[in-house]
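Have a look at the structure below, then the notes.
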Amino acid sequence: MSFSAASSVPAATLRIKVCGMRQPENIAAVGALEPDFLGFIFYLKSARCVPATLTAAQLPQLPAGCRKVGVFVNESTAVIREKVAQLGLDLVQLHGDETPAQCAELQAAGIPVIKAFAVDAVFDFDQLRPYVSSCTYFLFDTKGEQPGGNGTAFDWRILQGYDLSVPYFLAGGLELEHAAALQQLQLPGLYAVDLNSRFEIQPGIKDAARLAPMFRQLRS
Ligand SMILES: O=C(O)c1ccccc1NCC(=O)[C@H](O)[C@H](O)COP(=O)(O)O
């Protein structure tokens, strides 16, 4: 699929998140590229799920400014808070049917929330309105069989009509061949891009050599 650019936020400000990290040496290799966010998945059905034994002490030193995001699917606030404390997570990303009330509860506890939404051709942005006051960011991912990590892109043109105040991450099957289009992309509210399965050696292990040219191009 190819995409063309539209209007507004300068692409040079695009932040980069790499999601689905689970192994300390690999985290260090990707960290060396200075991502803005690294994602850690706490969803048992994902092949990228963080091992239960991983502790904060095992995590390598990350560059200043790189924030750790915990990814959850329909998890209780208590469990999310426990994982945030255990691994020193900076934000959480919610990929299930979490309510605005749960997002507000987490934000009130000092945990910034990225609420993810699965987008298809008939996605209705009005459903986001109740979340506006309780989320720091939104994340738009491709609707698929899994709650995330489906590896397919959606038609970004649907975002041209986005008119809410919450900045968002663009996700879903992003890969090196999208770099030029992403770098030019100007969409209202676009804050960051999210890279995952298209940059993997195996689920949960990223290919830093393939991520490097993506970072270079996005930041050029
Ligand atoms: O990646 C997963 O396995 C996953 C499973 C369940 C919930 C969320 C998950 N990933 C969250 C992400 O932020 C991914 O980067 C996003 O879904 C895009 O993934 P991909 O389509 O593979 O680029």
- Taking the side chain from Gln23 and the backbone from Gly204, do they hold a donor-acceptor pair closer than 3.5 Å? no
- Would you say the ring centroid of Phe140 lies under 6.0 angstrom from that of Phe154? no
- Task: For Asn196 and Lys206, test the side chains for any donor-to-acceptor distance below 3.5 angstrom and give the result as yes or no.
- Result: yes
- Message: Looking at Gly88, is its backbone amide N or carbonyl O close enough to the side chain of Lys68 to form a donor-acceptor pair, meaning the two atoms are under 3.5 Å apart?
- Response: yes
- Message: Counting C-beta onward and ignoring hydrogens, is there a side-chain heavy-atom pair between Leu62 and Ile27 closer than 4.5 Å?
- Response: yes
- Test Tyr162 against Leu128 for side-chain contact (heavy atoms from CB on, under 4.5 Å), laying out the working first. CA-CA 10 Å; Tyr162 183 79; Leu128 310 187; 4.2 Å; yes
- Indicate yes or no for a side-chain donor-acceptor contact from Thr142 to the backbone of Thr152 under 3.5 Å, with no hydrogens or angles considered. yes
- Task: Could you walk me through whether Gln86 and Thr55 pass side-chain contact (heavy atoms from CB on, under 4.5 Å), step by step?
- Result: CA-CA 7 Å; Gln86 192 182 315; Thr55 63; 5.6 Å; no
- Query: Side chain of Asp36, backbone of Ile16: donor and acceptor closer than 3.5 Å?
  - Reply: yes
- Joint cluster assignment, Phe215 & Ile205, ILVMFWY side-chain distance < 4.5 Å: no
- Out of curiosity, Asp90 CG to Phe37 CZ, how far, rounded to the nearest 0.5 Å? 9.0 Å
- Query: Does a sphere of radius 6.0 Å around CG in Asp126 hold more than 12 heavy atoms from other residues, nucleotides or ligands, not counting ones at 6.0 Å or beyond?
  - Reply: yes
- Query: Within a reach of under 6.0 Å around CZ of Arg210, are more than 12 heavy atoms found that belong to other residues, nucleotides or ligands?
  - Reply: yes
- Task: Answer yes or no: is there a donor N or O on one side and an acceptor on the other, between the side chain of Arg48 and the main chain of Pro203, under 3.5 Å?
- Result: no
- Query: Can you name the nearest heavy-atom pair linking Asp194 to Leu174, along with the distance?
  - Reply: O-CD1, 3.5 Å
- Query: Are Ile201 and Leu38 connected, step by step, through hydrophobic side chains (Ile, Leu, Val, Met, Phe, Trp, Tyr) whose heavy atoms are closer than 4.5 Å?
  - Reply: no
- Considering only heavy atoms from C-beta outward, does the side chain of Leu139 approach that of His95 to under 4.5 Å? yes
- Query: Do the non-hydrogen side-chain atoms of Leu59 and Leu54 ever get within less than 4.5 Å of each other?
  - Reply: yes
- Task: Taking atom types as modelled, find out whether Gln146 and Ser46 have a side-chain donor-acceptor pair closer than 3.5 angstrom.
- Result: no
- Query: Any side-chain heavy atom of Leu190 sitting closer than 4.5 Å to one from Trp156?
  - Reply: no
- Query: Measuring from Arg198:CZ to Leu211:CG, what's the distance to the nearest 0.5 Å?
  - Reply: 14.0 Å
- Item | Minimum side-chain heavy-atom gap Met214-Leu33 below 4.5 Å | no
- Within the side chain of Gln217, is there an N or O that forms a donor-acceptor pair under 3.5 Å with the backbone of Gln183? no
- Closest heavy-atom contact between Asp155 and Arg157? OD2-NH2, 2.6 Å
- Item | Straight-line distance of Thr77 OG1 to Gln102 CD, nearest 0.5 Å | 3.5 Å
- If you measure from CG on Leu185 to CG on Leu159, what distance do you get to the nearest 0.5 Å? 8.0 Å
- Assess whether side-chain contact (heavy atoms from CB on, under 4.5 Å) is satisfied between Arg219 and Glu34, documenting all intermediate values. CA-CA 11 Å; Arg219 288 176 170 167; Glu34 303 197 343; 4.1 Å; yes
- How far apart are the closest heavy atoms of Val18 and Met21, and which atoms are they? CG1-SD, 3.8 Å
- Any donor-acceptor N or O pair under 3.5 Å, side chains Tyr137, Tyr191: yes
- Which heavy atom in Leu218 sits nearest to a heavy atom in Ala179, and how many Å separate them? CD2-O, 4.1 Å
- In terms of heavy-atom contacts, does CD of Gln127 have more than 12 from other residues, nucleotides or ligands at under 6.0 Å? yes
- Side-chain heavy atoms of Asn74 within contact of Glu98, under 4.5 Å: yes
- Minimum heavy-atom separation for Pro60 to Pro24, with atom names? CG-O, 3.6 Å
- Message: Hydrophobic clusters here meaning ILVMFWY residues chained together by side-chain heavy-atom distances under 4.5 Å, can you tell me if Leu91 and Val79 are in one?
- Response: no
- To the nearest 0.5 Å, atom CD1 of Ile80 lies from atom CD of Glu82 at 11.0 Å
- Lys115 (side chain) donor-acceptor with Gly96 (main chain) under 3.5 angstrom: yes
- Task: Begin with the C-alpha distance, continue with both residues' side-chain angles, and end with the deciding distance and a verdict on side-chain contact (heavy atoms from CB on, under 4.5 Å) for Gln93 and Lys17.
- Result: CA-CA 12 Å; Gln93 179 177 323; Lys17 169 172 170 269; 2.8 Å; yes
- Query: Centres of the Phe42 and Phe40 rings: under 6.0 Å?
  - Reply: no
- Message: Under a 3.5 Å distance rule, please check whether Gln107 uses its side chain to pair with a backbone N or O of Thr136 as donor and acceptor.
- Response: yes
- Query: Please walk me through it: do Asp163 and Arg129 pass salt bridge (charged side-chain N to carboxylate O under 4.0 Å, His left out)?
  - Reply: CA-CA 10 Å; Asp163 65 354; Arg129 294 192 189 279; 3.6 Å; yes
- Is there a donor-acceptor pair under 3.5 Å between the side chain of Glu25 and the backbone N or O of Ala29? no
- Query: Which class fits the ring pair Phe138 and Phe117: parallel under 30°, tilted 30 to 60°, perpendicular over 60°?
  - Reply: perpendicular
- Query: Leu94 and side chain to side chain contact (heavy atoms under 4.5 Å, CB included): which partner among Leu106, Ile114, Val71?
  - Reply: Leu106
- Note on the structure: Here the gap from Phe169 atom CZ to Asp141 atom CG, rounded to the nearest 0.5 Å, amounts to 12.5 Å
- Query: Do the side chain of Tyr168 and the main chain of Ala116 share a donor and acceptor less than 3.5 angstrom apart?
  - Reply: no
- Residues Pro100 and Ser134: closest non-hydrogen pair is O-OG, 3.4 Å
- Task: Could you tell me whether the side chain of Phe72 reaches within less than 4.5 Å of the side chain of Val92, counting heavy atoms only?
- Result: yes
